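Below: one structure, written as structure tokens.
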Amino acid sequence: MPELPEVETVKRSLAPHLDGKTIESVVFYWPRTCLGDPDATSAQLAGQRIDQVGRHGKYLLFRLSKHGRDSFLWIHLRMTGNLLLNTRPGPHTRAEMFLSGGTSVVFHDIRKFGKWQWSRDFPERLAQLGPEPLEIDAEDFVRRLARRSMRLKALLLDQEFLRGLGNIYADEALFRAKLHPERSAASVGPRKARALHKAIRDVLQESISAGGTSINNYVDGQGSRGYFQLRTQVYGKAGEPCANCASPVRRIVVAQRSTHYCPRCQRR
DNA sequence: CGAGTCCTGTGT
DNA sequence: ACACAGGACTCG
């Protein structure tokens, strides 16, 4: 479910409540939520102070310290994960974190795809990700795009190309830039590449301002829904008229993911 | 590049 | 009963 804007919204809703608190205990109700040994992870986490809650692409990153030693905990929400502050655990609660001062964080995850991992050093998986879409500058983006022959949709979903785009925002950005999802990245000229860079930034920023996209399950740390679903133009709109030209939006499958585009505005 | 896997819930 | 779902890994 959550892509960059949703994870950013979760981070903003949690950080003020967690920064500076100490982890008293962590319980994994579904042990496979934890990459690595759940008992050892819980033991390592107990007593850690949360120095900062951040975001790296779609990952939430907790910077921790105990006895003067830094460590890291990342959480990936995958399709249906939610982190909820001070709520009762329910049937879909996969993990729970208890903090100093009576604060708790429940990890609710219907499909059990979400993952937590603790590490002493900066996590390798995060180090392998591409740049933040809201930080990379246009010229750098254009150069990186020109080096890849992959289809645009598949490339935008590749977290080593850019970290944070998922199925909704990849489709929305390609629509805004008027680029066909199956077009090869290297075939896109610098002018259109710059338009895509701007489209990505705009759609992500607008969604963050709207608190993310809530289609089914997504809510922030306080349980609030976002409302960017009211602003999407192609995602989930197969058969509906295109906002630009009124031709029906088409749904195809690219890289095993449903892909929505306007066949008239987004030519190959 | 595609297919299969991890999972549960919802809608047709 | 079947298709589909904001993700990402592993395999051939």
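Please read all numbers here as calculations on a predicted model, not as lab measurements. Every chain is numbered from 1, with letters handed out A, B, ... down the list of sequences.
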Nearest-Å distance once atom [atom1] is located in both [N] and [M]:
| N | M | atom1 | result |
| --- | --- | --- | --- |
| B:dG9 | C:dA8 | P | 22 Å |
| C:dG6 | B:dG2 | C1' | 22 Å |
| B:dC6 | C:dA1 | C1' | 22 Å |
| B:dC1 | C:dA5 | C1' | 23 Å |

Counting neighbours of [atom1] on [X] that are heavy atoms of other residues, nucleotides or ligands and sit closer than 6.0 Å, is the number greater than 12?
| X | atom1 | result |
| --- | --- | --- |
| A:Lys21 | NZ | yes |
| A:Arg231 | CZ | no |
| A:Arg88 | CZ | no |

[X] side chain: which of [options] is closest?
| X | options | value |
| --- | --- | --- |
| A:Gln256 | C:dG7, B:dG2, C:dC4 | B:dG2 |
| A:Ile215 | B:dC1, C:dG6, C:dG7 | C:dG6 |
| A:Met79 | C:dC9, C:dC4, C:dG6 | C:dG6 |

Hey, is the side chain of [X] poking within less than 4.0 Å of OP1 or OP2 on [N], counting only N and O atoms?
| X | N | answer |
| --- | --- | --- |
| A:Ser258 | C:dG6 | yes |
| A:Gln159 | C:dA8 | yes |
| A:Arg151 | B:dG2 | yes |
| A:Thr80 | C:dG6 | no |

Checklist entry - Does the pair A:Arg12 and A:Glu8 meet the rule for a salt bridge (Lys or Arg N to Asp or Glu O under 4.0 Å), with working shown? => result CA-CA 6 Å; A:Arg12 291 182 187 183; A:Glu8 178 64 22; 2.8 Å; yes
Checklist entry - Using a cut-off of 4.0 Å between protein heavy atoms and nucleotide atoms, how would you tag nucleotides 6-12 of chain B 5' to 3' with B, S and -? => result BBBS---
Checklist entry - Which part of the nucleic acid does A:Tyr169 contact within heavy-atom distance under 4.0 Å: base, sugar-phosphate only, or nothing? => result nothing
Next on the checklist: Heavy atoms only, 4.0 Å cut-off, all strands: where does A:Lys58 land among base, sugar-phosphate and nothing?
Outcome noted: sugar-phosphate
Could you state the [atom1]-[atom2] distance from [X] to [N], rounded to the nearest angstrom?
| X | N | atom1 | atom2 | value |
| --- | --- | --- | --- | --- |
| A:Leu60 | C:dG7 | CG | P | 15 Å |
| A:Leu77 | C:dA5 | CG | C1' | 15 Å |
| A:Lys115 | C:dG6 | NZ | P | 19 Å |
| A:Lys153 | B:dC1 | NZ | P | 13 Å |
| A:Leu156 | C:dG6 | CG | C1' | 15 Å |
| A:Asp109 | C:dG6 | CG | C1' | 12 Å |
| A:Arg257 | B:dC1 | CZ | P | 15 Å |
| A:Ile252 | C:dA3 | CD1 | P | 20 Å |

Next on the checklist: Before we go on, tell me: are the rings of A:Trp118 and A:Phe62 under 6.0 Å apart, centre to centre?
Outcome noted: no
Checklist entry - Is C:dG6 syn or is it anti, if syn means the base angle is within 90 degrees of 0? => result syn
Checklist entry - Does a donor on one side chain and an acceptor on the other come within less than 3.5 Å for A:Ser214 and A:Tyr227? => result no
Checklist entry - Side chains of A:Tyr169 and A:Glu6: is there a donor and an acceptor less than 3.5 Å apart? => result yes
Item to check | Pair assignment for C:dG6, Watson-Crick or G-U wobble, requiring both distances under 3.5 Å | outcome: none
Next on the checklist: Please evaluate residues A:Val142 and A:Arg194 with respect to the criterion side chain to side chain contact (heavy atoms under 4.5 Å, CB included), reporting the C-alpha separation (whole Å), side-chain torsions for both, the decisive distance (0.1 Å), and the verdict.
Outcome noted: CA-CA 6 Å; A:Val142 171; A:Arg194 263 182 250 115; 3.9 Å; yes
